[in-house]
Amino acid sequence: MSSPRYAAIMGWGMAVPRRVVTNDELARRIDTSDEWIRTRTGITQRHVAGPDEHTSVIATAAGREALERAGLAPAAVDTVIVATCTPDRPFPATASTVQHNLGIPRAGAFDLAAACSGFVYGLSVGTGLVKSGMSRTLLLVAADIFTHLIDWEDRNTCVLFGDGAGAVVLRATEQPSGLLSSNIGSWGEGEGLMAVDAGGTRLPATPDLLAQRRQYVYMHGREIFKHAVRGMCESAEQAVTDAGVGLDAIRLVVPHQANLRIIEAVAKRLGLPMERFFVNLDRYGNTSAASVPIALYEAVQQGRVVDGDLVLLTAFGGGLTWGSCVVRWGTPAL
Ligand code: UT7
């Protein structure tokens, strides 16, 4: 049997923790204000996980919805990828827990760590597996409880992030659908621009390091901002060129939701009006790997993307990593 030519997106799902934390609530706890957060980032609230809502819990909920929407039984799935930088445990992979929770028998299961670019990386890798013939039906979940890495006393970072999960089901098809082009990249020299130092093999979490709060994320915001705009623009332009279309053919751009000002700068540099960009970071903040699939989910639910549309996904994150892809939206009959 020859390899399929496309991997269609057959189903989509999302999940966020119950608790909503508003800017005003943060302003009561630290030296910040709703006005500063809104004008500098566009964020007004975020969802924050409780102790019973770890990564596999929201990943499972998003994955279950994606499978139901695709009309597929768990047994049909042969590969599970979870894109996350906040796994349930350092070992084993959260993907195996999600597989178990969903009752998916004997699928291959692994985690993929590319920070906020995780979904675009996962879509690229997942499509490659389907197109090579290694996988026929693949569940990709991007999920992060990024607030686990947040120092709630650090106003430079704690106002920016929220928790969430988004999922898609990819299925082999001959109909032109799913990823038409994609690219992923990393600039390892920038690994220290945004990181968590303690808790890995380089610096195991000792009482001293914990007292210095080195288990939490730090970030050089302004530098990341510049790299994010350049990285997303260059990779987005590459993806559009590789798809053999022009930017004018793109119905909607679904960018990583980190900061409204980053999205506005990308729009300006690409020469596209903001109406062609989907934005929902006001309600979720930066949900790391989950931000693109949650935005894609809401764009589809709101009718901003319909069958046949070309959608440009573009993301940027710690690593530094980036990636973009052009997707032809459409759900071929099973
Ligand atoms: O997913 C990828 C991960 N990260 C990103 O995409 C982040 C990219 N960077 C950004 O989004 C922006 O750089 C930030 C939102 C993080 C910061 O915005 P900025 O306009 O670059 O502000 P800044 O860091 O230059 O800080 C300006 C001022 C500083 O005060 P001084 O030194 O001018 O007196 C900060 O101390 O704003 C202060 N500040 C705050 N004030 C109130 C920083 N955070 C806050 C805060 N509330 N939460």
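Order of appearance sets the numbers: ligands from 1, and atoms from 1 within every ligand. None of these values were measured; they are calculated from a predicted model.
Remark: the Thr147 side chain and the Asp163 side chain contain an N/O donor-acceptor pair separated by less than 3.5 Å. Side chain to side chain, Asn183 and Gln238 fail the donor-acceptor criterion of an N or O pair below 3.5 Å. A donor and an acceptor atom, one from each side chain of Thr60 and Asn101, are located under 3.5 Å apart.
Side-chain heavy atoms closer than 4.5 Å link hydrophobic residues (I, L, V, M, F, W, Y) into clusters, and following such links, even through other members, never connects Val168 to Leu102. Cluster membership check: Trp152 does not share its hydrophobic cluster with Tyr216, using side-chain heavy-atom separations under 4.5 Å among Ile, Leu, Val, Met, Phe, Trp and Tyr.
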Atom pairs and distances, ligand 1 N/O vs protein N/O under 3.5 Å:
residue, atom, partner, partner atom, Å
ligand 1, 1 (O), His256, NE2, 2.8
ligand 1, 1 (O), Asn286, ND2, 2.9
ligand 1, 9 (N), Gly221, O, 3.0
ligand 1, 11 (O), Asn259, ND2, 2.8
ligand 1, 13 (O), Gly221, O, 3.3
ligand 1, 18 (O), Arg261, NH2, 3.4
ligand 1, 20 (O), Arg40, NH1, 2.9
ligand 1, 20 (O), Arg261, NH2, 2.9
ligand 1, 22 (O), Arg40, NH1, 3.4
ligand 1, 25 (O), Arg222, NE, 2.5
ligand 1, 25 (O), Arg222, NH2, 2.7
ligand 1, 36 (O), Arg155, NH2, 3.0
ligand 1, 37 (O), Trp36, NE1, 3.3
ligand 1, 41 (N), Trp36, NE1, 3.3
ligand 1, 41 (N), Arg155, NH1, 3.4
ligand 1, 47 (N), Thr32, OG1, 2.7
ligand 1, 48 (N), Thr32, OG1, 3.1
ligand 1, 48 (N), Arg155, O, 2.9

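Heavy atoms from other residues, nucleotides or ligands lying under 6.0 Å from NE2 of His100 number 12 at most.
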